[in-house]
Amino acid sequence: MILSRMENSRLVEAAVLARANAHAPYSNFAVGAALECEDGTVFTGCNVENLSFGLTMCAERVAIGTAVAAGQRAFRRIAVVAATDVPISPCGACRQVMAEFHPALKILSATLDGKTEEFTLDQLLPRASTGILNRP
Ligand code: THU
């Protein structure tokens, strides 16, 4: 899904809509994500689980992969939504993938009942890959 630039609440709403497509028969834990690019376009993702559990893709990585496949590399914010009591924070694998493209990405996490929390990727994954292949 591609949408024009939007307010926080609209970005969260795009993640809510994407969450409805989650394929989560093993955990029954549906997650939606909406990634806003620098040019304002938005790509969404949901978690896609697999019987071979380790192949599961988180909503955030699906959104990032979809955006990259469409030629996008510069991201501004990502909204993540789950039906939890407190807003979730992305798993370590997703943090690493976010750092590949935007070490200072803003993460907006929301519950279905409207609680929100904002992080930067710098807070969640400081010094991501510093030194590896001479990365600063
Ligand atoms: N999951 C996500 O999609 N994003 C997160 O930030 C946390 C976890 C998914 C992976 C798995 O399908 C389910 O939630 C339970 O971990």
Side-chain angles (χ1 to χ4, degrees):
M1 177 170 35
I2 302 176
L3 304 161
S4 57
R5 193 174 174 215
M6 52 185 63
E7 299 303 313
N8 270 2
S9 59
R10 301 274 322 278
L11 195 65
V12 168
E13 187 56 30
V16 170
L17 291 176
R19 181 178 172 275
N21 295 325
H23 175 68
Y26 307 107
S27 72
N28 287 315
F29 188 76
V31 184
L35 177 68
E36 183 187 60
C37 304
E38 281 297 341
D39 71 0
T41 55
V42 172
F43 293 85
T44 59
C46 59
N47 51 333
V48 182
E49 296 187 346
N50 192 275
L51 180 60
S52 179
F53 295 167
L55 299 181
T56 289
M57 292 286 292
C58 291
E60 296 92 320
R61 271 178 290 149
V62 169
I64 291 168
T66 303
V68 171
Q72 298 280 355
R73 293 283 189 283
F75 306 130
R76 193 184 281 141
R77 304 180 286 166
I78 188 167
V80 185
V81 173
T84 44
D85 291 336
V86 295
I88 64 170
S89 62
C91 78
C94 288
R95 295 176 195 196
Q96 187 71 36
V97 170
M98 290 171 188
E100 177 74 15
F101 296 101
H102 192 337
L105 188 68
K106 285 185 190 144
I107 298 152
L108 171 61
S109 186
T111 65
L112 270 191
D113 61 1
K115 296 187 197 91
T116 61
E117 200 168 352
E118 289 189 49
F119 325 97
T120 66
L121 186 56
D122 280 336
Q123 291 174 305
L124 299 184
L125 191 67
R127 291 176 60 83
S129 305
T130 298
I132 298 175
L133 299 178
N134 294 319
R135 181 175 285 211

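Start at 1 and go down the list; that is how both ligands and their atoms are numbered.
Remark: side-chain polar atoms of Arg95 are paired, donor with acceptor, to backbone N or O of Pro90 under 3.5 angstrom. Looking at Asn47, its side chain does come within 3.5 Å of a backbone N or O of Phe29 through a donor-acceptor pair. A donor-acceptor distance shorter than 3.5 angstrom exists from the side chain of Glu49 to the backbone of Ser27, with no hydrogens or angles considered.
The cluster map of Ile, Leu, Val, Met, Phe, Trp and Tyr, joined by side-chain heavy atoms under 4.5 Å apart, puts Phe43 and Ile78 in different clusters.
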Per-pair distances, ligand 1 N/O vs protein N/O, less than 3.5 Å:
from, atom 1, to, atom 2, distance (Å)
ligand 1, 3 (O), Ala59, N, 2.9
ligand 1, 4 (N), Glu60, OE1, 2.8
ligand 1, 6 (O), Glu60, OE1, 3.4
ligand 1, 6 (O), Glu60, OE2, 2.5
ligand 1, 12 (O), Asn47, ND2, 2.9
ligand 1, 12 (O), Glu49, OE2, 2.5

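Counting heavy atoms of neighbouring residues, nucleotides and ligands inside a 6.0 Å radius, atom CG of Asp113 exceeds 12 of them.
Using cut-offs of 30° and 60° for the angle between ring planes, the Tyr26 and Phe53 rings count as tilted.
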